[in-house]
Amino acid sequence: DIGGATAATFDPTFAQINAGRFIRRRVRSGACGDVFSNIIEFRIDTPVTGGSIGNAQTICTGGNPTVLTNTGSPTGGNGSYSYLWQQATAVGGPYTPASGTNDQITYDPPVLTQTTFYRRFVSSGVCAVNTALSNVIEITVDQVVVPGVVNNPQTLCANQDPAVLGETT
């Protein structure tokens, strides 16, 4: 029983909802037995944390990075999470949705040709504030090295000192 709640309507306080998240109304009339209404459930969503992601790496241009991992799961909300992986070519963004299927706790990036930054956007529950971002992971893409061309091929006799080899490109 909730003290003082004896009217047809009831305006619960947060403390009353938090103490017992299920509320129903009991009705009495004369000598008849008590009857009960349907049960109302209050779900309290707590602020969401974005958790953390891992597996920063360095690859060569055109390389396929390994999966970005979940190193710390999100918390808060209603316990059910939606994920949107985002990518940018500069650490400060702008960030756009990452390509491919990305409503997962982990993400498998595609083949990359430039350094790319990833983060995970997490949402849970009905509250507008129940969204958060993870940390940012950098996948550094090293450009393919072009060996260039050397010049000055030579034919030498035994014990001769070769001339300096040069560089054409």
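The closest side-chain heavy-atom distance from T96 to Q87 is below 4.5 Å. The shortest distance between side-chain heavy atoms of P12 and F42 falls below 4.5 Å. With contacts defined as side-chain heavy-atom distances shorter than 4.5 Å, the pair V141/T113 does not qualify. N130 is not listed as a side-chain neighbour of S123, based on a closest heavy-atom distance of 4.5 Å or more. Looking at D142 and T140, their side chains come closer than 4.5 Å, going by heavy atoms from C-beta outward. Taking 4.5 Å as the limit, some side-chain heavy atom of L133 sits within range of a side-chain heavy atom of Q86. Side-chain contact check for F117 versus I139: every heavy-atom pair is 4.5 Å or farther apart.
You'll find the ring centres of Y83 and F121 outside the 6.0 Å limit.
Note that CZ of R25 is 8.5 Å distant from OG1 of T9, once rounded to the nearest 0.5 Å. Note: R24 CZ to S37 OG = 7.5 Å, rounded to the nearest 0.5 Å. Here CG of L84 is found 12.5 Å from CD of Q104. Values are rounded to the nearest 0.5 Å.
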Quiz prompt | Verdict with supporting geometry, T75 and T49, side chain to side chain donor-acceptor pair (under 3.5 Å) | solution = CA-CA 5 Å; T75 61; T49 65; 2.6 Å; yes
Quiz item: Can Q57 and I137 be said to form a side chain to side chain contact (heavy atoms under 4.5 Å, CB included), step by step?
Solution: CA-CA 9 Å; Q57 51 201 287; I137 290 295; 6.0 Å; no
Exercise. Apply side chain to side chain donor-acceptor pair (under 3.5 Å) to T66 and N55, showing your working.
Key: CA-CA 8 Å; T66 58; N55 207 14; 2.7 Å; yes
Self-check item: Worked verdict on N70 versus R120 for side chain to side chain donor-acceptor pair (under 3.5 Å)
Solution: CA-CA 10 Å; N70 177 57; R120 184 178 63 196; 3.0 Å; yes
Practice problem: Could you check I105 against Y81 for side chain to side chain contact (heavy atoms under 4.5 Å, CB included), going step by step and ending with a plain yes or no? | Solution: CA-CA 9 Å; I105 199 165; Y81 302 99; over 6 Å; no
Quiz item: Does the pair F10 and I2 meet the rule for a side chain to side chain contact (heavy atoms under 4.5 Å, CB included), with working shown?
Solution: CA-CA 10 Å; F10 175 62; I2 300 173; 3.9 Å; yes
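Other residues, nucleotides and ligands contribute over 12 non-hydrogen atoms within 6.0 Å of the CG atom of N64.
No hydrogens or angles considered: a donor-acceptor pair under 3.5 Å links the side chains of S52 and T71.
Residue G50 comes nearest to V122 through the heavy atom pair O-CG2, 3.7 Å, listed as atom of the first residue, atom of the second, then distance. For the pair V67 and P109, the tightest heavy-atom approach, listed with the atom from each and the gap, is CA-CD, 4.3 Å. Annotation for V136 and R119: closest pair CG2-CB, 4.2 Å, computed over non-hydrogen atoms. Taking every heavy atom of both residues into account, P94 and A88 meet most closely at O-CB, 3.3 Å.
Put simply, the residue from V144, L112, T115 that forms a side chain to side chain contact (heavy atoms under 4.5 Å, CB included) with T61 is V144.
Note: Y107 and W85 have parallel aromatic rings, judged against thresholds of 30 and 60 degrees for the angle between ring planes.
Of the possible polar contacts, none joining the T116 side chain to the T89 backbone as a donor-acceptor pair under 3.5 Å is found. Judged by distance alone, with hydrogens and angles left aside, the side-chain atoms of N151 form a donor-acceptor pair with the main-chain N or O of G166 at under 3.5 Å. For the pair S124 (side chain) and N78 (backbone), a donor-acceptor distance under 3.5 Å is present. Between the side chain of N152 and the backbone N or O of V164, at least one donor-acceptor pair lies under 3.5 Å. In this structure a side-chain-to-backbone donor-acceptor pair under 3.5 Å is missing from E167 to G148.
Under the 4.5 Å side-chain heavy-atom criterion for ILVMFWY residues, no single connected hydrophobic cluster contains both Y95 and I53. Using a 4.5 Å cut-off between side-chain heavy atoms of Ile, Leu, Val, Met, Phe, Trp and Tyr, with links allowed through other members, V111 and I59 fall into different hydrophobic clusters.
In this structure, R26 fails the cation-pi test against F36, since its NZ or CZ atom is not both closer than 6.0 Å to the six-membered ring centre and inside 45 degrees of the ring normal.
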